[in-house]
Amino acid sequence: MDNKDLLKFNAHGVEPKQMFAEACEKARTVATEFVTKHGEPMYCGFASVTIFPARGKLVKWLKENSIGSNGYRGGWRISSYDVMRGHPYCSTQSLDIKETACDAFCDVLKKYGIEAYAEGRAD
């Protein structure tokens, strides 16, 4: 068994809703820690997470719940606004906070064998 198979084994029995909630919670926690340490840097931009390829139980669940959209170059894209929904800095313009949250979100998905990439762009 290779590493990818072991990661997918971790995801066995975990509902997509639970994966998404865990990833969002991690993103919010990391965003709060970042703001506590650095404040709100005013370098503006946008960030998102892309799951590639756009298939599997999680992507199916995201589509059914109207979370995300088709990625620019394929995959399924989830905005930082969806990742941080409910967080006091959900609507921040700070690229640093958004990228930090999206990176943490990806880390949780990768734990379950889902290929996810955070990306940001300056405004």
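- One side chain, Lys98 or Tyr81, offers a donor N or O that lies under 3.5 Å from an acceptor on the other.
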Contacts table for residues 28-40: side-chain donor-acceptor under 3.5 angstrom, sequence neighbours left out:
unit_1	atom_1	unit_2	atom_2	d
Arg28	NE	Arg85	O	2.9
Arg28	NH2	Arg85	O	3.2
Thr29	OG1	Glu25	O	2.9
Thr32	OG1	Arg28	O	3.0
Thr32	OG1	His87	NE2	2.8
Thr36	OG1	Thr32	O	2.8
Glu40	OE2	Thr92	OG1	2.4

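- Listed by chain and residue number, Glu115 satisfy the side chain to side chain donor-acceptor pair (under 3.5 Å) test with Tyr117 (two or more places apart in sequence, or in another chain).
- Residue pairs that meet the ring pair (Phe, Tyr, Trp, His ring centres under 6.0 Å) test with at least one member in residues 42-63, sequence neighbours left out, are Phe20-Trp61.
- Other residues, nucleotides and ligands place more than 12 heavy atoms under 6.0 Å from the CD atom of Glu22.
- Expressed to the nearest 0.5 Å, how far CD1 of Ile114 lies from NZ of Lys57 amounts to 9.0 Å.
- Residues in residues 45-56 take part in these side-chain hydrogen bond (donor to acceptor under 3.5 Å, both in side chains) pairs, two or more places apart or across chains: Thr50-Glu119.
- Every residue two or more places apart in sequence or in another chain that forms a salt bridge (Lys or Arg N to Asp or Glu O under 4.0 Å) with Lys60 is listed here: Glu64.
- Counting heavy atoms from C-beta outward, Arg77 and Tyr72 have side chains that stay 4.5 Å or more apart.
- Of all non-hydrogen atoms in Tyr89 and Met84, the two that sit nearest each other are O-CE, 3.4 Å.
- Distance SG/Cys24 to CD1/Ile67: 7.5 Å, rounded to 0.5 Å.
- Separation of atoms SG (Cys90) and CD1 (Ile97) is listed at 11.5 Å; rounding is to 0.5 Å.
- Pairing each heavy atom of Cys44 with each of Leu95, the nearest pair is C-CB, 4.0 Å.
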Using a 3.5 Å cut-off and no angle test, enumerate the donor-acceptor pairs between side-chain atoms of residues 99-109 and protein atoms at least two apart in sequence or in another chain.
unit_1	atom_1	unit_2	atom_2	d
Thr100	OG1	Asp96	O	2.7

